[in-house]
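To start, the structure under review is shown below, and the notes come after it.
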Amino acid sequence: MVTPMITRITILGIGVVVAFSTLSIAKEFFAPVLSAMVFGVVLSPFFDMLARLKLRPSLAAFVTVGIAFSLLAILTVFLEPYVSEAITRAPVIWYELRDAVEQLQAMMLGLNEIAEDVAKAIDPDAKGADKVEPAFDVPPLSDALFYAPQFLAQVMIFVGVLYFFLMTRPEVYRWLGATLGGYEEADFTRAEAQVARYFLTITAINAGFGLLVGIVLQLIGLPGAVFWGVMAFMLNYVLYLGPIALAGALLVTGLVAFDGAWAVVPAALYLSMNATEGQFVTPALVGQRLSVNPLLVFVSLVFWLWLWGPIGGVIAIPLLVWSLSVAEVFVRGEIERREAGSAG
């Protein structure tokens with residue numbers, strides 16, 4: 001006989017599979033919508049500050065969105081010279097690494113020849129496999145023009161949802177509480193405050209970390225130290241995988257910029273600073289209340305990266321903090337109801 005608990009677990013599992021399958025299939029719609037809500041939660045303290053200044057919700061939301069995109073535009077303009085320089089230096093980097101790549105190709109060719117000799121020894125009539133030419137075609141301009149309207153549509157969805165979510169957050173939270181049951185508007189507001197506090201704290205940590213990385217790389221003479229400092233700031237939001245990617249990029253740049261053992265110094269310095277920040281600075285400033293299990297962080301990050309790519313990596317941690325806060329309210333309510341039932 002199937003117990004009610006097994007039935008509930010089965011229904012819940014099917015619901016989770018269907019929900020995430022829908023998110024994957026319709027990611028062009030759900031990715032900007034959910035991302036806008038997450039960023040709305042992060043920007044909520046600034047919106048609340050404007051609301052306390054007696055600005056109407058529509059105007060406060062407009063100012064919040066405008067300032068957020070203005071900061072993004074300023075950052076883009078600031079980074080443009082360094083990105084252009086990196087693109088210009090790409091052929092130089094490839095030229096420096098070409099010898100290593102050619103040696104690797106020669107080694108692979110030698111392995112292929114050995115495999116063919118073994119195959120001929122086993123079956124003299126066997127023919128060598130056809131060579132497969134690598135295809136690294138540059139996407140044509142027509143593809144870029146085809147995807148441009150889709151990208152603009154997603155940007156418009158993101159901006160619209162962000163604006164209206166900021167303006168109507170209390171109504172959204174009241175509707176969620178009435179729909180889910182056992183929740184109140186204050187519960188979602190509390191979860192929102194935790195996410196905003198976590199994100200603002202992490203932003204301050206990442207800003208100081210990026211500044212320190214830029215200064216250290218400038219002192220050792222690495223070209224584009226400002227660019228690397230900004231990249232350290234941005235990629236530090238993507239825990240684990242972001243620092244690994246930046247360390248690999250610094251290793252390649254170090255091989256191009258320096259000779260000998262000094263070539264690995266930029267990556268080694270960055271990894272040591274990142275380890276210090278992750279083990280000591282962040283736990284001390286974030287605190288036990290906002291700390292999250294590292295396993296949950298890694299699984300959440302990998303899952304959302306797999307589901308939505310870079311966008312998923314950005315929203316993974318704020319969404320995890322919000323979900324854990326809401327789940328904490330649910331568990332606390334269940335415990336209180338059980339205690340009240342046992343007392344009655």
State, with a plain yes or no, whether a side-chain heavy atom of [X] is found less than 4.5 Å away from one of [Y].
X	Y	value
Leu319	Val41	no
Pro266	Thr253	no
Arg190	Asp187	yes
Tyr198	Ile317	yes
Glu192	Tyr173	yes
Leu217	Ile220	yes
Leu222	Leu250	yes
Leu75	Val230	yes

One should read off an interatomic distance between Ser58 OG and Phe164 CZ, to the nearest 0.5 angstrom, of 10.0 Å

Rounded to the nearest 0.5 angstrom, the OH-CZ distance for Tyr163 and Phe158 is 15.5 Å

Starting from [Y], can I reach [X] by hopping between I/L/V/M/F/W/Y residues whose side chains sit under 4.5 Å apart?
X	Y	value
Val216	Trp262	yes
Leu301	Leu295	no
Met49	Leu55	yes

Any pair counted as side chain to side chain donor-acceptor pair (under 3.5 Å), so long as it reaches residues 216-237, sequence neighbours left out
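Every pair satisfying side chain to side chain donor-acceptor pair (under 3.5 Å) with a residue in residues 216-237: Thr203-Tyr237, Asn206-Asn236, Asn236-Asn274, Asn236-Glu277.
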
- Atom CZ of Phe62: over 12 foreign heavy atoms under 6.0 Å: no

Would you find more than 12 non-hydrogen atoms of other residues, nucleotides or ligands less than 6.0 Å from Met234 atom CE?
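No, the 6.0 Å shell around CE holds no more than 12 heavy atoms from other groups.
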
Could you walk me through whether Phe227 and Met231 pass the side-chain contact (heavy atoms from CB on, under 4.5 Å) test, one step at a time? CA-CA 6 Å; Phe227 170 77; Met231 293 303 296; 3.6 Å; yes

* Ring geometry between Phe303 and Trp306 (parallel below 30°, tilted from 30 to 60°, perpendicular above 60°) -> tilted

Which pair of non-hydrogen atoms, one from Lys27 and one from Trp308, has the smallest distance, and what is that distance?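 Taking Lys27 first and Trp308 second, the nearest heavy atoms are CB-NE1, 3.2 Å.
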
Are the aromatic rings of Phe298 and Tyr240 close, with centres under 6.0 Å apart? yes

List, one per line, each side-chain donor-acceptor pair under 3.5 Å for residues 11-24, sequence neighbours excluded.
unit_1: Ser21; atom_1: OG; unit_2: Val17; atom_2: O; d: 2.7
unit_1: Thr22; atom_1: OG1; unit_2: Val18; atom_2: O; d: 2.8

Open item on the list: With side-chain contact (heavy atoms from CB on, under 4.5 Å) as the criterion, how do Leu320 and Trp304 come out once you've worked through the C-alpha distance, each side chain's angles and the decisive distance to 0.1 Å?
Closed with: CA-CA 10 Å; Leu320 176 63; Trp304 286 104; over 6 Å; no

